[in-house]
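Below is one structure, written out as structure tokens; the observations come after it.
Below, all heavy atoms of this structure are taken into account, side chains as well, without hydrogens, waters or symmetry copies. Letters A, B, ... mirror the listed sequences (proteins, then strands); counts begin at 1.
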Amino acid sequence: MRQYSKLLQQLTRKSIEHRIASLLQDSSTQQHLLQVHAFYVKTCPGRNNFLHAKLLSAVVSLSPPNDLQYARSIFDSFSMPDTFIWNTMIRAYLNAQKPRESVTLYFQIRLQDNVLVDSFSLSLVLQACARLMDSENGQKLHALIAKLGFGPDVFVQTALIEMYAKCHCLEDAGKVLDHMEKPDLVSYNVLLAEYVRIGEIELAHELFNRMPERDLVSWNTIIHGYASLSEVRSAPKPFNITNEQRQQSNEALRLFHRMQLANVVPDKITIISVLSACGNLGALGMGRMIHEYVEINGIEIDMKLGTSLLDMYAKCGDIDSSVKTFKNVNARDIFTWSVMIMGLANHGLGELALEYFSNMIAEGLKPNDVTFLGVLSACSHIGLVEEGWKYFKSMTSVYGVAPKIEHYGCMIDMLGRAGLLQEARELIKSMPFAPDAVLWRAILGACRIHKNVELAEEATVNLLELEPHVDGNYVLLSNIFSQARKWDNVVDLRRMMRNADIHKVPGSSSIEVGNAVYEFVAGDKSHPKSDKIYEMLDEILHSIRCNGYEPLTTSAIQDFAEQEKQNALAAHSEKLAIAFGLLATAPGTPIRIFKNLRICDDCHLAIKFISNLYHRKIIIRDRNRFHHFEEGSCSCKDYW
DNA sequence: ATAGGGTTAG
């Protein structure tokens, strides 16, 4: 009888434990979990490390990010945690972005008498050291690993590679990989990803080429490396992309091609990187093909893919498709909205951008600093000064977003272009940042439009002090002087440039026809059909003159005779690209041009006439924004 | 258990 009762007791306990285990498995909210925890404490007074560990895992996985207090209290209630339990807690801290705690906990294991670290503990603590860039502890661990005999463990070795790479000990990272007996593909991929992350794209490519094999992750990593405008070496600036960055985006597309030749099937992540390369290059044709690929292969357009698609369309000048994609995407977060707002702003659709902003707020999303860059540049592009001030002030007072110098940049541009130069100057004085070159350039640009010599002088001095080697600054100044017919100053500037060995980056315009991109610089004669293009250009210029176009020779920077100035203007790269576009595309097709510098006044005027006379939409992305020319007018309403 | 993805002033 007594035995029976004991058995019954045991059975009851087993069944309760079983019940708790399954309740833990099913817990999907913290609320629910708390109830199970209470039930567990009440019904299972005895110690059961297995069940207790399950509870800890459940609590960890349901903990809010960065808050591990509850998990920690459970961890602390173990009387004798085993290695697995220690590791669980170390991993929890790592995932909660608290690597410091992971390291502390690891060293506590080492103080325990009855617990040994295993390969899990070691790779976890190495990852923590990596995030902390703690190469000192990392190196000590490396020595200990050898001593404890974990040398051949692939996971530990891979963690060592990551640790060294993140600590910028690239040689050591490479050495670990080279000395591995049987290096895992993952070990290569880790090093590859780290090279990419720190902007060592050449090292990454070299490693990629000599890897014994490459999987989808390897391809995605290297393609991402080339597609993303490296944040390490220069700030991301899709609209005034450097030549080097353009070559890198082209390389991303080449690698994408190679990947398909290697029979590796691209996934969502590949597509996102490739779309970003398309956006950088303005390669609309390629971007559309990728979109088709997504549709044909039934790849789900999730939030991130949707965001990158609509970003691609906006950056390639097809704002209608961008908005369409935005409306079709199944979920939108602050990225999706910010990208859309920025896209609309860049296309001069400021009112719509502001409408989107208020819809976003109505949906309960919290704007961030990037969102406000979109909102403020929307205001500055269309000259909405009062609105701009309102949004700028609301950043701190309503949304708790601290304005950065970029936001002041938008404001100063907005005020300057609206002619409120004094107000712009006051804002520079009152802001909590030292003004950068961008701000002075914005002021200088405004001085050019509004002919304010006094402020121009101050801006010039400051600009040349901050950026004495940037060719564009001299060009801008030279434009201002020639507009004012101060030829002596123009000559001085040219001498300064010569002495400092500064060369003007030539303006270039590119156009996509068929599957190829054609690039023109001013006076370009390199195209095989160059004769035909110039013939077309002559015809165009003649026709628009008959319709009232007068060359705006103030756009010519040099002190030439009138006729020479006109000739120089006539062969501007955007005009050549348009002449080619009119020849090479069917009547009625929109012409899309990408220019590396800002469009000049004369070209802007000429293109208005061309769009009218030839009944073509002409869309130009310059280094600042889009211009949509149609039936004789431009979407910027000549405000740029 | 280790690896890869979307925004950024002028």
Side-chain angles (χ1 to χ4, degrees), chain A residues 87-88 91 94 118-124 126-127 130 153-162 184-194 196-197 215-225 227-229 231 235-240 267-276 279 302-312 314-315 329 333-343 345-346 368-374 376-377 380-381 403-414 416-417 436-446 472 476 598 622-625 640:
Chain A
N87 291 346
T88 302
R91 186 180 302 109
L94 192 63
D118 63 5
S119 60
F120 288 67
S121 337
L122 288 166
S123 49
L124 287 165
L126 280 170
Q127 285 179 71
D153 190 287
V154 187
F155 288 90
V156 173
Q157 293 296 312
T158 304
L160 268 175
I161 294 173
E162 190 185 352
D184 199 58
L185 179 51
V186 177
S187 319
Y188 279 99
N189 284 345
V190 165
L191 189 55
L192 189 67
E194 286 308 316
V196 162
R197 205 183 51 80
D215 66 358
L216 180 59
V217 175
S218 331
W219 284 99
N220 285 349
T221 307
I222 192 74
I223 291 176
H224 167 74
S228 65
L229 306 178
E231 288 174 34
K237 316 170 193 169
F239 274 61
N240 65 41
D267 69 355
K268 216 176 273 188
I269 296 178
T270 328
I271 299 294
I272 286 173
S273 293
V274 174
L275 285 172
S276 133
D302 63 9
M303 208 159 59
K304 287 185 179 177
L305 179 51
T307 305
S308 101
L309 254 180
L310 75 92
D311 187 41
M312 178 279 293
K315 285 185 180 148
V329 74
D333 67 359
I334 193 65
F335 273 71
T336 323
W337 284 99
S338 303
V339 170
M340 190 71 258
I341 290 168
M342 185 63 85
N346 283 333
N368 63 22
D369 53 336
V370 181
T371 322
F372 278 108
L373 283 183
L376 296 178
S377 80
S380 93
H381 283 322
K404 299 208 247 180
I405 193 157
E406 289 92 335
H407 300 97
Y408 283 92
C410 289
M411 291 301 288
I412 280 144
D413 180 56
M414 176 187 85
R417 283 201 292 186
D436 63 8
V438 176
L439 295 190
W440 291 119
R441 204 159 30 238
I443 292 279
L444 208 50
L476 176 57
R598 285 190 71 174
D622 74 6
R623 70 185 303 166
N624 261 359
R625 58 168 293 165
W640 51 288

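- Among the atoms of the strands shown, none is found under 4.0 Å from any heavy atom of A:Ile341.
- Proximity note for A:Ser338 (side chain, C-beta onward) versus B:dT8, B:dT7, B:dT2: the nearest is B:dT7.
- In this structure, the CD atom of A:Glu162 is 6 Å from the P atom of B:dA3, given to the nearest Å.
- Residue A:Asp267 places no side-chain atom within donor-acceptor reach of the base of B:dG5, judged by atom type and a 3.5 Å distance cut-off alone.
- The residue A:Ala193 sits close only to the backbone: its heavy atoms come under 4.0 Å of sugar-phosphate atoms, none of a base.
- If you measure from atom CD of A:Gln127 to atom C1' of B:dT2, you get 6 Å, rounded to the nearest angstrom.
- Heavy atoms of A:Asp622 sit nowhere under 4.0 angstrom from any nucleic acid atom.
- Between the side chain of A:His407 and the main chain of A:Lys404, a donor-acceptor pair closer than 3.5 Å is present.
- At a threshold of 4.0 angstrom between heavy atoms, the contacts of A:Ser218 with the nucleic acid are absent.
- Between the CH2 atom of A:Trp337 and the C1' atom of B:dT7 there is a distance of 15 Å, rounded to whole Å.
- With sequence neighbours excluded, the residues satisfying ring pair (Phe, Tyr, Trp, His ring centres under 6.0 Å) with A:Trp337 are A:Phe326.
- Using a distance-only test at 3.5 Å, with no hydrogens or angles considered, no donor-acceptor pair links the side chain of A:Asp369 to the main chain of A:Phe372.
- A:Thr221 comes within 4.0 angstrom of the backbone, heavy atoms only, and of no base.
- Between the CE atom of A:Met414 and the P atom of B:dA9 there is a distance of 17 Å, rounded to whole Å.
- Using a 4.5 Å cut-off on side-chain heavy atoms (C-beta onward), A:His381 and A:Asn346 make contact.
- With B:dG6, B:dT8, B:dT2 as the choices, the nucleotide that has an atom nearest any side-chain atom of A:Met342 turns out to be B:dT8.
- Out of B:dA9, B:dA1, B:dT7, the shortest distance to the side chain of A:Ser119 is found at B:dA1.
- Nearest to the side chain of A:Lys315, among B:dG10, B:dT7, B:dG5, sits B:dT7.
- Using a distance-only test at 3.5 Å, with no hydrogens or angles considered, a donor-acceptor pair links the side chain of A:Arg417 to the main chain of A:Ser380.
- Nearest nucleotide to the A:Ser273 side chain, out of B:dT8, B:dA1, B:dG5: B:dG5.
- With hydrogens and angles ignored, no donor-acceptor pair closer than 3.5 Å exists between the side chain of A:Ser377 and the base of B:dG10.
- The distance from the CG atom of A:Leu192 to the OG atom of A:Ser218 is 6.5 Å, given to the nearest 0.5 Å.
- Not a single donor-acceptor contact under 3.5 angstrom links the side-chain atoms of A:Ser308 to the base of B:dG6.
- Looking at heavy-atom distances under 4.0 Å, A:Asn624 makes contact with a base.
- Nearest to the side chain of A:Asp184, among B:dT2, B:dA9, B:dG6, sits B:dT2.
- Among the atoms of the strands shown, base atoms are found under 4.0 Å from some heavy atom of A:Val370.
- The ring of A:Tyr408 does not lie on top of the base of B:dA9; it is either too far (5.5 Å or more) or too tilted (30° or more).
- If you check every strand for non-hydrogen atoms under 4.0 Å, A:Met303 touches a base.
- For A:Asp118 against B:dA1, a side-chain-to-base donor-acceptor contact under 3.5 Å is absent.
- Listed candidates were B:dA9, B:dA1, B:dT7. Nearest to the side chain of A:Cys410 is B:dA9.
- With A:Leu305 as the partner, the side chain to side chain contact (heavy atoms under 4.5 Å, CB included) test is satisfied by one option alone out of A:Leu310, A:Ile272, A:Ile269: A:Ile272.
- Between B:dT8, B:dT7, B:dG6, one nucleotide has an atom nearer to the side chain of A:Thr307 than all others, and that is B:dG6.
- Whole-Å rounding puts the A:Ile443 CD1 to B:dG10 P distance at 14 Å.
- Applying the 4.0 Å criterion to OP1 and OP2 of B:dG10, one finds that A:Ser380 has a side-chain N or O inside that range.
- Between the CG atom of A:Asn368 and the C1' atom of B:dG6 there is a distance of 13 Å, given to the nearest Å.
- Contacts of A:Leu376 with the nucleic acid, taken as non-hydrogen atoms under 4.0 Å apart, are absent.
- What separates CG of A:Asn189 from P of B:dG5 is a distance of 12 Å, to the nearest Å.
- Residue-level contact check: A:Val186 touches the bases, meaning some heavy atom is under 4.0 Å from a base atom.
- Contact check, A:His381 against B:dA9: no side-chain N or O comes under 4.0 Å of OP1 or OP2.
- Between B:dA9, B:dA1, B:dG10, one nucleotide has an atom nearer to the side chain of A:Phe155 than all others, and that is B:dA1.
- Residues satisfying the ring pair (Phe, Tyr, Trp, His ring centres under 6.0 Å) test with A:Tyr188, not counting sequence neighbours, are none.
- Among the atoms of the strands shown, none is found under 4.0 Å from any heavy atom of A:Asn87.
- We find that NE2 of A:His407 is positioned 10 Å from P of B:dA9, with the value rounded to whole Å.
- Residue A:Val438 has its side chain nearest to B:dG10 when only B:dA3, B:dG10, B:dT7 are considered.
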